[in-house]
Amino acid sequence: MARNDLRPVVRLPSTAGTGYTYVTRKNRRNDPDRMELRKYDPIARRHVTFREER
């Protein structure tokens, strides 16, 4: 089964500047804007915002 551009893989780097990233998929039809998630950064040892990079 071929993967298409409807659910692309996106990288979510930390806004704390630690270089830590999460990798996930998103549905472009439901979320056309850049994704922002508040997740745990183990390098900073706290919860920070992770923003989608293009």
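Here the structure is a predicted model, which is why all the values come from computation and not from measurement.
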**Message:** If we ignore hydrogens and angles and just use 3.5 Å, is the side chain of Ser14 paired with the main-chain N or O of Tyr20 as donor and acceptor?
**Reply:** no
**All ring-ring contact (aromatic ring centres under 6.0 Å, His included) counterparts of Tyr40, not counting sequence neighbours** = His47
**Prompt:** Using a side-chain heavy atom cutoff under 4.5 Å and only I, L, V, M, F, W and Y, what cluster partners does Val23 have?
**Reply:** Val9
**Fill in**
Value for OH (Tyr22) from CG (Leu12), rounded to nearest 0.5 Å, stands at 9.5 Å
**Prompt:** Can you name the closest pair of heavy atoms from Pro13 and Thr21 and give their distance?
**Reply:** CA-CG2, 3.6 Å
**Prompt:** With sequence neighbours left out, which residue pairs that include part of residues 26-39 fulfil the salt bridge (charged side-chain N to carboxylate O under 4.0 Å, His left out) condition?
**Reply:** Lys26-Glu52, Glu36-Arg51
